[in-house]
Amino acid sequence: MNRAAVLALCALGIAGPLAAQGVLVAPHAIYIDHRVRSEAIHLYNPGTDPVEVTVSTTFGYPVTDSTGRPTLLLIDEPEPSQPSAAAWIQAFPRRVTVPPRRRQTIRLLARPPADLPDGEYWTRVIISARGGHVPVAGVADTSSIRVGLTLEVRTVVALSYRKGGVGTGVDMSGLEARVVGDSLEIGAHLERRGEAAFIGSLRWTLHDGNGRQHSQAEMPLAVYHSLTPRFRFHVGALEPGSYTLETALVSERPDLSADVLLPIEPVRDSIVLKVE
């Protein structure tokens, strides 16, 4: 059965801190080498109540919907042709209670098939945290009944398992842009090349008709198969005229170590944008 979750940050490869009702999780991306076959997740409970944590794995990767919005597709039963590691990544312990203001380490151990071909394999590690009793407003006050909700907060961490030499690449086509109010909407089709997912950043710069830089930005990207994303960036009011949008896909991320990023030559494109 397929489960689609609108998790834009996870789809882009980012994970922020959880709310106080859950636990803080680090790191937000995990890379396991075939020679080592293990890695650790570190949990911290910042709250005043104990939190019950369950760790599970499922196959998944980012996609985009018809509007270009990033979405994380989770697949419980992937086809044999899919590079899934979900069935052979195990968590120890799989269930644990983290006391208030305490830390806990979860060890991830890979037990791949003996005949596993070289390549990159993916799974999503799901950390489900239950705790933090929240009262429900609007219920009549009685001396014997309390009504509340026990919250469950989930964070999804990308895990990549690499065996042998793997490479990556990405093609960009159909670059387009339009002005929407005080924002610039940028769209393109991205297609992964090579054995491994492309993990990097999209950089763009907008120049006016005189070649002066008007605005620029950078955002992280993760392309596992193909994406057709659309992003909006605030640029303020643009004067009528001709502008040049220059884009580049680079294998750099400020939130990830260069040791785990697979290098590529920057993929560049540009278009002319007319503002009436």
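Numbers for residues simply follow the sequence, beginning at 1.
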Side chain to side chain, E39 and L109, heavy atoms closer than 4.5 Å: no

Path from L206 to M219 over hydrophobic side-chain contacts below 4.5 Å: yes

From CA spacing to verdict: side-chain contact (heavy atoms from CB on, under 4.5 Å), V51, D49: CA-CA 6 Å; V51 175; D49 296 317; 5.7 Å; no

Close side-chain approach of L43 to I106, heavy-atom, < 4.5 Å: yes

Counterpart residues, side chain to side chain contact (heavy atoms under 4.5 Å, CB included), relative to A217 (two or more places apart): W204, F233

Over all atoms of both residues, closest heavy-atom pair of R253 and S201: CD-OG, 3.6 Å

Gap separating the OG1 atom of T155 from the CG atom of L24, nearest 0.5 angstrom: 10.0 Å

Side-chain touch P62/H225, heavy atoms, less than 4.5 angstrom: no

H34 ring center near Y161 ring center (under 6.0 Å): yes

Test side chain to side chain contact (heavy atoms under 4.5 Å, CB included) applied to L221 and L249, I199, V250, the passing residue: L249

L202 side, atom CG; F231 side, atom CZ - distance, nearest 0.5 Å: 6.5 Å

Any donor-acceptor N/O pair, N210 side chain to R212 backbone, under 3.5 Å: no

Residues which pass ring-ring contact (aromatic ring centres under 6.0 Å, His included) with F198, listed by chain and number, not counting sequence neighbours: none

Partner residues of E218 under the salt bridge (charged side-chain N to carboxylate O under 4.0 Å, His left out) criterion, sequence neighbours left out: R203

With a 3.5 Å cut-off and sequence neighbours excluded, list the donor-acceptor pairs that the side chains of residues 78-97 form with protein atoms.
{"unit_1": "S84", "atom_1": "OG", "unit_2": "A86", "atom_2": "N", "d": "3.2"}
{"unit_1": "Q90", "atom_1": "OE1", "unit_2": "R111", "atom_2": "NH1", "d": "3.0"}

Polar side-chain atom of T168 near backbone of A196 as donor-acceptor pair, under 3.5 Å: yes

Sequence-distant partners of H214, ring-ring contact (aromatic ring centres under 6.0 Å, His included), two or more places apart: none

Set of salt bridge (charged side-chain N to carboxylate O under 4.0 Å, His left out) partners for E120, sequence neighbours left out: R162

Nearest atoms (heavy-atom pairs only) where S215 meets V235: OG-CG1, 3.5 Å

Under the side chain to side chain contact (heavy atoms under 4.5 Å, CB included) test, residues paired with A158 that sit two or more places apart: R124, Y224

Criterion side-chain contact (heavy atoms from CB on, under 4.5 Å) on I41 and I30, from CA distance to verdict: CA-CA 8 Å; I41 293 179; I30 300 168; 3.5 Å; yes

Stepwise side-chain contact (heavy atoms from CB on, under 4.5 Å) test for T247 and L245: CA-CA 7 Å; T247 62; L245 174 68; 4.1 Å; yes

Partner residues of D118 under the side chain to side chain donor-acceptor pair (under 3.5 Å) criterion, sequence neighbours left out: none

Side chains of L74 and F59 in contact at under 4.5 Å (non-hydrogen atoms): no

Results of side chain to side chain contact (heavy atoms under 4.5 Å, CB included) for S56 - residues two or more places apart only: I126

side-chain hydrogen bond (donor to acceptor under 3.5 Å, both in side chains) pairs, two or more places apart, involving residues 181-196: D171-R193, R178-E185, D182-H234, E185-R230, E185-R232, H189-E191, H189-T228

Full working for side-chain contact (heavy atoms from CB on, under 4.5 Å) between N45 and R102: CA-CA 6 Å; N45 177 8; R102 296 293 295 273; 5.8 Å; no

Results of salt bridge (charged side-chain N to carboxylate O under 4.0 Å, His left out) for R101 - residues two or more places apart only: none

D208 to Y243 - nearest heavy-atom pair and separation: CA-CD2, 3.6 Å

Residue pair L227 / V223: nearest heavy atoms and the distance that separates them: CD1-CG2, 4.0 Å

Exercise: identify the closest heavy-atom pair between L190 and P229: CD1-CG, 4.1 Å

Minimum side-chain heavy-atom gap Y121-L159 below 4.5 Å: no

Side-chain touch R107/S38, heavy atoms, less than 4.5 angstrom: yes

Show every donor-acceptor pair shorter than 3.5 Å between a side-chain atom in residues 259-276 and any protein atom, with sequence neighbours excluded, or say none if there are none.
none

Atom pair CH2/OG of W122 and S160 - distance to nearest 0.5 Å: 8.0 Å

Over all atoms of both residues, closest heavy-atom pair of A40 and P27: O-CD, 3.7 Å

